[in-house]
Number of protein chains: 2
Amino acid sequence: MDQVEVFKALSNKTRLQILSWLKDPEVHFPAQALNGYANGVCVGQIHAKSGLTQSTVSEYLSSLQRAGLISSTRVGQWTYYKRNEEAFKALSKLIEADI
Amino acid sequence: MDQVEVFKALSNKTRLQILSWLKDPEVHFPAQALNGYANGVCVGQIHAKSGLTQSTVSEYLSSLQRAGLISSTRVGQWTYYKRNEEAFKALSKLIEADI
DNA sequence: TTGGCATATCGAGAATAACCGATATATATT
DNA sequence: AATATATATCGGTTATTCTCGATATGCCAA
């Protein structure tokens, strides 16, 4: 875990908002056809709520993924993103013990 | 606590290093004349270890303080900085529960 | 294989952060 | 009052981030 990369990823209002949406996808996004919310939420749905362009949202999701905070699954034309809860647990412990 | 401000403050290698030094001041800094390490460590000592200029270090300490992660005490010509451990506990819990 | 979506990547402009050197402001000493 | 020391602030340069529009790529359907 690259600490600086993780904190940079978290240093943006919209990216924090996306993480918060992904915490309760059924509350924040319309039903997913495929496998409920198990794969996460696709880029287009996140884009639709974000108020930013598709390219910006795609870039933001990539940076969150590079930081290890979310993971992606490609299914057909869609890329689904979901939170990596282990990373948040690890970060919480890191701050508690090491930072 | 402004989350974005906190994460920005943590998004820099040198600032993380400073926080780490302040975690064990007696290990990383020569003895303080005044009140042991209870007031923290003065800017000059942090500057001396940092490899950056005095102005940069002063600015970094201000940003950590604005984020609530450290606090300062002025004693004579010196400003002592020390960690605000409650802020780190709160941040750890925030990440565990809310982010 | 052509066309249509969904997503990713590219190139660019504007805003912010990372530094620096120089200078200002406190405080202390003589 | 004059000088010295510690820290803060200011102005500037360069690097990085934010965000966009345009375009490329990947996958599906006709």
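Letters A, B, ... mirror the listed sequences (proteins, then strands); counts begin at 1. Owing to the predicted nature of the structure, the values given are computational and were not obtained by experimental measurement.
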*Rounded to whole angstrom units, what separation is found between the CD atom of B:Gln77 and the C1' atom of C:dT27?*
5 Å
*If you find the nucleotide of DNA chain C closest to A:Ser62 and the one closest to A:Trp78, which residue's nucleotide is nearer the 5' end?*
A:Trp78
*Look at atom NZ of B:Lys93 and say whether more than 12 heavy atoms of other residues, nucleotides or ligands are closer to it than 6.0 Å.*
no
*If each of B:Cys42 and A:Gly76 is mapped to the nucleotide of DNA chain D with the nearest heavy atom, which maps nearer the 5' terminus, i.e. the 5' end?*
B:Cys42
*Residues of residues 63-75 of chain B with any non-hydrogen atom less than 4.0 angstrom from an atom of DNA chain C: list those, numerically ordered, please.*
none
*If every non-hydrogen atom of B:Thr56 is compared with every non-hydrogen atom of B:Thr53, which pair is closest and at what distance?*
OG1-OG1, 3.0 Å
_Nucleotide interval of DNA chain D bounded by contacts with chain B (heavy-atom cut-off, under 4.0 Å)_ = D:dT5 to D:dT9
*Are the side chains of A:Thr79 and A:Tyr81 in touch, meaning some heavy atoms are under 4.5 Å apart?*
yes
_Worked verdict on A:Ser71 versus A:Gln65 for side chain to side chain donor-acceptor pair (under 3.5 Å)_ = CA-CA 6 Å; A:Ser71 63; A:Gln65 183 169 31; 6.0 Å; no
*Test item: A:Ser62 side-chain N/O and A:Ser58 main-chain N/O as donor-acceptor pair under 3.5 Å*: yes
Between protein and nucleotides 15-20 of chain C, what N or O pairs are separated by less than 3.5 Å?
from, atom 1, to, atom 2, distance (Å)
C:dA17, OP1, B:Lys8, NZ, 3.1
C:dA18, OP1, B:Arg15, NH2, 3.2
C:dA18, OP2, B:Arg15, NH1, 3.2
C:dC19, OP2, B:Tyr60, OH, 3.2
C:dC19, O5', B:Tyr60, OH, 3.2
C:dC20, OP2, B:Thr53, N, 2.7
C:dC20, OP2, B:Thr53, OG1, 2.9
C:dC20, OP2, B:Thr56, OG1, 3.0

*Are A:Leu22 and A:Leu64 connected, step by step, through hydrophobic side chains (Ile, Leu, Val, Met, Phe, Trp, Tyr) whose heavy atoms are closer than 4.5 Å?*
yes
*Distance under 6.0 Å and angle within 45° of the ring axis: does A:Arg74 meet both against A:Tyr80?*
no
*Look only at the side chain of B:Ser20 and the backbone of B:Leu16, and say whether a donor-acceptor pair between them is shorter than 3.5 Å.*
no
*Whether B:Arg15 side chain and B:Tyr60 backbone form a donor-acceptor pair below 3.5 Å*: no
*Can A:Glu59 and A:Arg66 be counted as an ion pair, charged N to O under 4.0 angstrom?*
yes
